[in-house]
2 protein chains.
Amino acid sequence: MSQMLQIHDQLREMILSLDLGPGERLTERWLESRFEGSRTPIRAALVRLEGEELVRRDGRNWIVAPIDLGELEALAEFRIPLETTAVRLACARASEADIAGIEEMLDACQSGAPREEWHRVGTDFHVEIARLSGNPFIVKAIGGAMTRLSRARWLEVWTEPSREQAWREHRRILGFIKANDPEAAAREAADHIKDTRDRLLRSLNEDRRGLRARGFAVIGLR
Amino acid sequence: MSQMLQIHDQLREMILSLDLGPGERLTERWLESRFEGSRTPIRAALVRLEGEELVRRDGRNWIVAPIDLGELEALAEFRIPLETTAVRLACARASEADIAGIEEMLDACQSGAPREEWHRVGTDFHVEIARLSGNPFIVKAIGGAMTRLSRARWLEVWTEPSREQAWREHRRILGFIKANDPEAAAREAADHIKDTRDRLLRSLNEDRRGLRARGFAVIGLR
DNA sequence: CGGTATTGTTTGGGATACCAATTCGGGATA
DNA sequence: TATCCCGAATTGGTATCCCAAACAATACCG
């Protein structure tokens, strides 16, 4: 793989895992030493990450994109029509094997699993459901939305019951798809998105003080 | 403006206007002489355009993204839930002035207007409607979808009556938003997207021979 | 002492040099 | 004449160089 793609992936991972704080400045020269590569591939990686809106220009400088909690509402509003459409299409198009694969993914995430695992599966579930729709534009749009959500979800304080509920909702969505009940699946998906949004907003509001304390550039929460 | 952005915009325009044929190879050295800049800003522009999927890697080489007419179905499927959502939200959120601005845009495109004008307004209408939703994710997604549609729309043979019909449909959508009738607006928007898709597919099927003759890499039409 | 001008350092933008890999052509050979 | 092989040319990937602008510190003047 080209050096640029390696750097891109590593930097992407560092940003999404909050190794690099939102709003943090990135100098090309620091990245140069950090990744032991020259500025050429680093700049290519930055331009690419800019396209994914994980990195942004601030004047002439590069910064890690801040987390804008004000986006959370709009993000849910965006996801609802897309994901309801996705599950409806999934009912019509998904094969038994496709569904079984996703069931397996959910099963693999037991209650003892590490936090990273829950986080990853919680994101991937939605993308994989989207994939069942067979529509690449829906897949990409939902993937992008989940990426933007990803860092905010790290900030969330996960309680056991709320996590359990989210998992129950995932299973219910998948169950309705399996039972070929598109309208129920769509209703369930919409409810799940709203529930998740509310859980997230509630948690972040309660913990707002803690967020700033951690020094992240977190904006937009009214 | 930085040289990279200039090159990006020019190259983008050349691709979208079919000045550069779909599938055509782009060598960095040719672009270097064409734009009288060095490879550094050219590479940045290419990486950026790759993110917009207007340019693609073919092995180690750069090519203009081919037009995949097989995407047209999926694109309509993607647009319908988004644009119906957009018009519903627009009913709730758009101001008189917002709507008047779009009416003006439609009015400005008289029957004597050049082909480029019709093409541009036909795209912008949908993006501007999306903007009325107030949801930036919807705006961006529809913008991207219209960009992908753009080149296929150039290939379409526009007859006067079909163009007239499209314009009538635009006006009807806007009318229902103005009248604050979200469900009618949504129904009209969905119908319009389907009509447009069908018109486009019919035209391209009839003219398929002509397309290949023009030497474009046009794929995916069954 | 405070404000301003200046200079030195750091940064990103762009140009260029170099390299490895791939491509293409031509000539030797069967 | 067809084929194979080798080398020259071209390509994209990477490293480095230079420059202008931004910023900071400092020194100088009022």
Side-chain angles (χ1 to χ4, degrees), chain A residues 1-16 19-68 215-217 219, chain B residues 1-16 19-68 215-217 219:
Chain A
M1 188 177 15
S2 78
Q3 202 174 343
M4 175 230 136
L5 289 179
Q6 284 182 46
I7 294 173
H8 169 269
D9 289 349
Q10 287 181 52
L11 196 48
R12 186 175 201 280
E13 206 44 50
M14 290 169 73
I15 292 170
L16 288 180
D19 267 358
L20 294 171
E24 186 168 331
R25 168 135 187 228
L26 296 173
T27 74
E28 295 181 357
R29 259 96 179 184
W30 179 80
L31 293 166
E32 197 172 9
S33 66
R34 173 67 181 71
F35 294 112
E36 293 171 10
S38 78
R39 286 171 64 207
T40 309
I42 283 169
R43 285 168 61 180
L46 285 170
V47 170
R48 195 165 233 253
L49 287 166
E50 189 187 16
E52 305 175 49
E53 296 184 83
L54 291 178
V55 136
R56 167 187 309 182
R57 314 302 307 242
D58 175 38
R60 229 167 50 118
N61 304 320
W62 296 101
I63 61 171
V64 177
I67 299 180
D68 182 353
F216 294 143
I219 60 177
Chain B
M1 187 181 15
S2 78
Q3 203 174 343
M4 175 234 136
L5 289 179
Q6 285 181 44
I7 293 173
H8 170 270
D9 289 349
Q10 287 181 51
L11 196 47
R12 187 175 200 281
E13 206 43 51
M14 289 169 73
I15 292 170
L16 288 179
D19 266 358
L20 294 170
E24 186 169 329
R25 169 134 186 229
L26 296 174
T27 73
E28 294 182 356
R29 258 94 180 185
W30 178 79
L31 293 166
E32 199 172 7
S33 66
R34 173 67 181 71
F35 294 110
E36 293 171 11
S38 80
R39 288 170 62 207
T40 308
I42 283 169
R43 288 182 125 268
L46 285 170
V47 170
R48 196 167 233 253
L49 287 166
E50 189 187 16
E52 306 175 48
E53 295 183 85
L54 290 177
V55 136
R56 167 187 309 181
R57 314 303 306 241
D58 176 38
R60 232 171 41 121
N61 304 319
W62 297 99
I63 61 171
V64 177
I67 299 179
D68 182 352
F216 293 143
I219 60 179

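Letters A, B, ... mirror the listed sequences (proteins, then strands); counts begin at 1. Please read all numbers here as calculations on a predicted model, not as lab measurements.
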Colleague: Counting heavy atoms from C-beta on, name the nucleotide in dT11(D), dG12(C), dT16(C) closest to the side chain of T27(B).
Modeller: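 Selected nucleotide: dT11(D).
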Colleague: Specify the residue among T40(A) and N61(A) whose closest nucleotide of DNA chain C lies further upstream toward the 5′ end.
Modeller: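 This one resolves to N61(A).
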Colleague: Would you classify I7(A) as touching base, sugar-phosphate or nothing, given that sugar-phosphate means primed atoms plus P, OP1 and OP2, and contacts are heavy atoms under 4.0 Å?
Modeller: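 Counting heavy atoms under 4.0 Å across all strands, no contact is made by I7(A).
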Colleague: Tell me the interatomic distance from Q3(B), atom CD, to dA20(D), atom C1', rounded to whole angstroms.
Modeller: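 In whole Å, dA20(D) C1' lies 14 Å from Q3(B) CD.
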Colleague: Closest nucleotide of DNA chain D for R60(A) versus for E36(A): which of these residues is on the 5' side?
Modeller: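 So the residue in question is E36(A).
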Colleague: So, using salt bridge (charged side-chain N to carboxylate O under 4.0 Å, His left out) as the criterion, who are the partners of E13(B) when residues are at least two apart?
Modeller: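 With neighbours one apart ignored, the set is empty.
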Colleague: What is the separation between atom CZ on R29(B) and atom C1' on dT16(C), rounded to the nearest whole Å?
Modeller: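 These atoms are roughly 10 Å apart.
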Colleague: Both conditions, 6.0 Å and 45 degrees, for the charged tip of R25(B) above the ring of W62(B): are they met here?
Modeller: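 No - R25(B) does not lie over the ring of W62(B) by the 6.0 Å and 45° rule.
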Colleague: Let me know the distance between CZ of R43(B) and C1' of dG14(C), rounded to the nearest Å.
Modeller: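 Rounded to whole Å, this separation is 14 Å.
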Colleague: Could you work out which one of dG14(C), dG12(C), dA15(D) sits closest to the side chain of P41(A)?
Modeller: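 Between dG14(C), dG12(C), dA15(D), the one nearest the side chain of P41(A) would be dA15(D).
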Colleague: Does dA15(C) have its OP1 or OP2 closer than 4.0 Å to a side-chain nitrogen or oxygen of S38(B)?
Modeller: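 Yes, S38(B) has a side-chain N/O under 4.0 Å of OP1/OP2 on dA15(C).
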Colleague: Quick one: E28(B) CD to dT22(C) P, roughly how many Å, whole number?
Modeller: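 Computing the E28(B):CD to dT22(C):P distance gives 16 Å.
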Colleague: Are R57(A) and dG13(C) close enough that a side-chain N or O sits under 4.0 Å from OP1 or OP2?
Modeller: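 Checking R57(A) against dG13(C): at least one side-chain N or O falls below 4.0 Å of OP1 or OP2.
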